[in-house]
S.K.: 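Got a structure for you, questions after.
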Amino acid sequence: MPGRLVGETKDSRGARAFCLTLATREQHIRREKATSNICTNQALIALMATVFMTVYGKQGLRELAEQNLAKAHYLASKLKPRFSGPFFNEFVAETSEEINKALLKKKIIGGLPLGAFYPELSDSALWCATEMSRREHMDTVGDAFQPVGQVPDLPSGRAELRSELAL
């Protein structure tokens, strides 16, 4: 349910008018005078998660997680993650603004540059692969990182995963 519902009515002269018919929270008053800070977005995300889990079911969620893991590790095998720890579907890799610009020309959104959040990672970006990531797009991303004809090395411990990928 949105925080505000606006209704249509007529004013005292009969002209069309809009009015606030329901405000579930104090969004229309100054922040310092509000007594509540509950966000509608939390309820929407909870509803979305509930519907998502209901549609996929227990086995479907497991399959989805396995697919996300495999795809992220496939992409990581092409980019060389900056850190060696375990990850699920996001990882950090050294990158440049030029790579993101080149990918955008191919209608692929690149990694999230981390320099604004972590100055020591100004040469890195957060990369993600999910069930929505297509293999050809991940290959295009990998190609953007590799000089022509060069085959990337796999991060340690990921060789067996590459052979199991069914993307």
Side-chain angles (χ1 to χ4, degrees), residues 1-4 24-25 27 31 36-167:
M1 185 75 173
R4 298 178 188 178
T24 59
R25 287 175 305 286
Q27 294 176 343
R31 184 180 299 169
S36 168
N37 65 356
I38 298 171
C39 179
T40 300
N41 194 34
Q42 291 172 339
L44 291 175
I45 290 171
L47 176 62
M48 181 182 70
T50 302
V51 170
F52 193 81
M53 288 185 281
T54 302
V55 169
Y56 274 90
K58 185 177 181 179
Q59 185 58 34
L61 282 176
R62 180 176 180 84
E63 290 171 10
L64 184 68
E66 289 171 352
Q67 186 179 42
N68 284 346
L69 179 68
K71 286 187 175 192
H73 284 260
Y74 176 79
L75 179 61
S77 73
K78 296 179 170 294
L79 306 190
K80 288 196 173 186
R82 181 166 179 158
F83 304 106
S84 62
F87 62 92
F88 178 58
N89 65 349
E90 295 178 337
F91 59 93
V92 175
E94 289 185 23
T95 189
S96 68
E97 191 174 317
E98 290 76 28
I99 289 176
N100 275 351
K101 286 179 182 177
L103 290 171
L104 197 53
K105 288 179 184 176
K106 296 179 181 187
K107 299 188 181 194
I108 297 174
I109 297 173
L112 174 69
L114 294 174
F117 310 103
Y118 304 97
E120 67 276 14
L121 296 175
S122 62
D123 63 343
S124 299
L126 182 66
W127 292 85
C128 178
T130 69
E131 74 279 3
M132 301 299 291
S133 303
R134 295 172 52 190
R135 185 178 187 139
E136 57 266 23
H137 292 159
M138 292 186 285
D139 289 341
T140 301
V141 171
D143 292 344
F145 278 78
Q146 300 302 320
V148 177
Q150 182 177 337
V151 178
D153 293 329
L154 287 172
S156 62
R158 306 284 193 274
E160 66 283 351
L161 183 61
R162 176 181 254 181
S163 62
E164 296 174 13
L165 291 176
L167 302 173

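All of these numbers come straight from a predicted model, not from anything done at the bench. Positions are given from 1, in the same order as the sequence printed here.
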S.K.: Heavy atoms only: give me the nearest Pro81-Ala76 pair and the separation to one decimal.
M.R.: CD-O, 3.4 Å
S.K.: Less than 4.5 Å apart, side chain to side chain, heavy atoms only: is that true for Leu69 and Phe88?
M.R.: yes
S.K.: Using 0.5 Å steps for rounding, measure from the OG1 atom of Thr50 to the CD1 atom of Ile45.
M.R.: 11.5 Å
S.K.: Side-chain contact test, heavy atoms from C-beta onward, threshold under 4.5 Å: evaluate it for Lys78 versus Phe145 and give yes or no.
M.R.: no
S.K.: Distance check, rounded to the nearest 0.5 Å: Glu97 atom CD versus Asp123 atom CG?
M.R.: 13.0 Å
S.K.: Would you compute the distance between atom CD1 of Ile108 and atom CG of Asn100 and round it to the nearest 0.5 angstrom?
M.R.: 11.0 Å
S.K.: Check Phe91 against Ala72 and note the closest heavy-atom contact, atom names and distance.
M.R.: CE2-O, 3.6 Å
S.K.: Applying side chain to side chain donor-acceptor pair (under 3.5 Å), name anything that partners Glu90, two or more places apart in sequence or on another chain.
M.R.: none
S.K.: What's the separation between atom CG in Leu64 and atom CZ in Arg62, rounded to the nearest 0.5 Å?
M.R.: 12.5 Å
S.K.: Check Ala144 against Leu103 and note the closest heavy-atom contact, atom names and distance.
M.R.: CB-CD2, 4.0 Å
S.K.: For residues Asn68 and Glu131, report the shortest heavy-atom separation together with the two atoms involved.
M.R.: OD1-N, 2.5 Å
S.K.: Keeping the roles fixed (side chain from Lys71, backbone from Ser133), state whether a donor-acceptor pair exists under 3.5 Å.
M.R.: yes
S.K.: To the nearest 0.5 Å, tell me how far Leu126 CG sits from Thr95 OG1.
M.R.: 11.5 Å
S.K.: Looking at Glu120 and Arg82, what are the two nearest heavy atoms and their distance?
M.R.: O-NH2, 3.9 Å
S.K.: Would you give the length of the straight line joining atom CD1 of Ile109 to atom CH2 of Trp127, rounded to the nearest 0.5 angstrom?
M.R.: 10.5 Å
